[in-house]
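See structure below.
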Amino acid sequence: MPLLEVTNLRKSFGGHPSVDGISFGAEAGRCVALLGPNGAGKTTTLRMLAGLLPPTGGSISFGGDPPGTDYRRQLGYLPQSPAFYSWMSGLEYMIFAAKLSGMAAKEAASVSGAVLERVGLSSAARRRIGGYSGGMKQRLGLAQALVHRPRLLLLDEPVSALDPIGRREVMELLRDIREETTVIFSTHVLHDAEEICDDVILMNRGAIAVQGTLARLRAEYSLPVIRITTAKEDKAVRWLEELRHKAFMEEASISDGRAVFNVSDVGLARRMILQEAAGLDIPLLQFEAGSSTLEDLFMKVVGT
Amino acid sequence: MSKLWTLYYREMLEAVRSYKLIWIPVVFIILGIMQPLVTFYMADILAASSNVPAGFMDSYEMPGAAAVMAQALGQYGTIGILILVLGTMNSLAGERSSGTAELLMARPVSPVSIVVAKWAANFTVLIIALVLGVAGAAYYTVQLMGGLAWGAVAAASGLYALWLLCAVSLTLLFSAWLRGPAAAGFALLLAAGMSLAHSLLPSRTAWLPAALPGMSASVLAEGRVTGGPMISAALLIVACIAGASLLVRRNKLPN
């Protein structure tokens, strides 16, 4: 029984489809990454899930309730660039948010303090949000999404705008949070998804290109692949072009002295290529044989 | 109900922190006390300007206390309304353009309670400003001109408050739809349009909320009060709140 069930969800703006009939489910306790390039419809999807945009078509069902039931009480939402009232202090905002989600005043105050401490903002809790840095605002955004203990957390690009240190901090928090609640987060950085997620939904141009558990996608889409970098000499470039026509070659892309080959048999290909390279005295700079990653899958989906 | 209170508390906190709760009443107090002071010292002011023809002031008659009070309230119909509209215009438009509405609307709150909280907060500011302004005007009027009928002053202020509240409600309605300055412009235009219609065709438009300022002045001169403008003003305010709620339900995201 999935916590969230999305069926044929569609949204178009002025006739142009932004999300074009996507269906997926999120099991309770899982972490789902909504992956895709800019403009794939991730933000629109999350906004529809958060009840901020009415879908053009399709249905969203939460916790087995009939579609259309208001589940915002159970929802934590962090938009791409959260905006706060700059004249409020972090703690004031948290209490405000907690009360609006139905908490009593006393509980709101104590929980707010605890959540701020958890995201590392307790020393700044009484300062005005206007003076917070980008990373602090993002952590406050995460805190306000968590304060009412939601069953589902929707995070829109939670780490994209942060510097490496801020990114690290938020990722650590997410790793922690995903133990307690169901998380759906969007990102265009595949590495983030691989780091903490169980399931991946890869979106492109408003549709789901691929979806499944991370493990399954890895197994299914990792292809035997060989990467070669040579010095930029005519001889080397000609040699790389000739390799295209080998029997083991399934797909080849060559540019600027760099080649990526999908091959049918890594062992055979490696032996042949290395022998030839040695025989012809090709100035090899790099040679790598192994499996293609999801990054390649991503590029393949996005590129087409 | 407790959510409505939470939202209202936030609005009032913002009014205090942004000094709106200070500068709007200050402007109202200045407007209010200027009228009796200027009227009373008119002769001295003109004399001090030295180039008044001889005998010019002979025909000047000091108006009665009630008339001065009515003029003081009249000040709120122009500058007062402008100040209130400017103070209200970003209530909803600002939340939308800054993006704070997105976080607000992701929580289980109804658009009606958001709009009602904002309306009530702006109403509170209006009442505080008007009560202090009227008190200042009445104090100087009594000191300089003579006694006032307190019941009439209260009734006249109440009628004026209703008219000002119409302008504030209109601004809130447009603020749910347009950007702040445009919302202020439309609200002022509509209020001015109603006033103009009323001054051109007073008998046919006696039921308009724009009749309220005139009625307020006539109450001070012991005139009579009709219910029509009050009812239409109440209906207009309710319609504005309902319309704003519907628009807020639709426009949640920064545009």
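Protein chains get the first letters and strands the later ones, always in sequence-line order, with residue 1 at the start of each. What you see is a predicted model; the values in this text were computed from it and never measured.
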- Query: Just wondering, more than 12 heavy atoms not from B:Trp23 lying within 6.0 Å of its CH2?
  - Reply: yes

- So, A:Arg72 side chain and B:Ala106 main chain: donor-acceptor pair closer than 3.5 Å or not? no

- For chain B, which of A:Ala97, A:Pro82, A:Ala145 has the most heavy-atom pairs under 4.5 Å? A:Ala97

- Item | OH/A:Tyr71: more than 12 non-hydrogen atoms of other groups inside 6.0 Å | yes

- Which members of residues 105-125 of chain A, sorted by number, sit under 4.5 angstrom from chain B on a heavy-atom basis? none

- Task: Compare every heavy atom of B:Glu102 with every heavy atom of A:Leu52, then report the nearest pair and how far apart it is.
- Result: CD1-CG, 3.5 Å

- Query: Looking at side-chain heavy atoms only, is the closest gap between B:Leu104 and A:Tyr85 below 4.5 Å?
  - Reply: yes

- Task: Go through the atoms of A:Glu92 and report whether side chain, backbone, both or neither lie under 4.5 Å from a heavy atom of chain B.
- Result: side chain

Which donor-acceptor pairs under 3.5 Å do the side chains of residues 3-25 of chain A make with protein atoms, sequence neighbours left out?
from: A:Lys11; atom 1: NZ; to: A:Pro54; atom 2: O; distance (Å): 2.8
from: A:Ser18; atom 1: OG; to: A:Thr44; atom 2: OG1; distance (Å): 3.3
from: A:Ser23; atom 1: OG; to: A:Asn8; atom 2: N; distance (Å): 2.7

- What's the shortest heavy-atom distance between B:Gly99 and A:Ala83, and which atoms? C-CB, 3.7 Å

- Say you draw a straight line from CZ of B:Arg107 to CZ of A:Phe96; how long is it, rounded to the nearest 0.5 Å? 9.0 Å

- Message: Are there over 12 heavy-atom neighbours, none belonging to A:Arg73, within less than 6.0 Å of that residue's CZ?
- Response: yes

- Item | Under 4.5 Å from any heavy atom of chain A - which part of B:Thr100 | both

- Query: Which of residues 10-18 of chain B have a heavy atom under 4.5 Å from any heavy atom of chain A?
  - Reply: B:Arg10, B:Leu13, B:Glu14, B:Arg17

- Item | Inter-chain contacts: residues 113-140 of chain B against chain A, heavy atoms under 4.5 Å | none

- Above 12 or not: heavy atoms from other molecules or residues under 6.0 Å from CE of A:Met136? yes

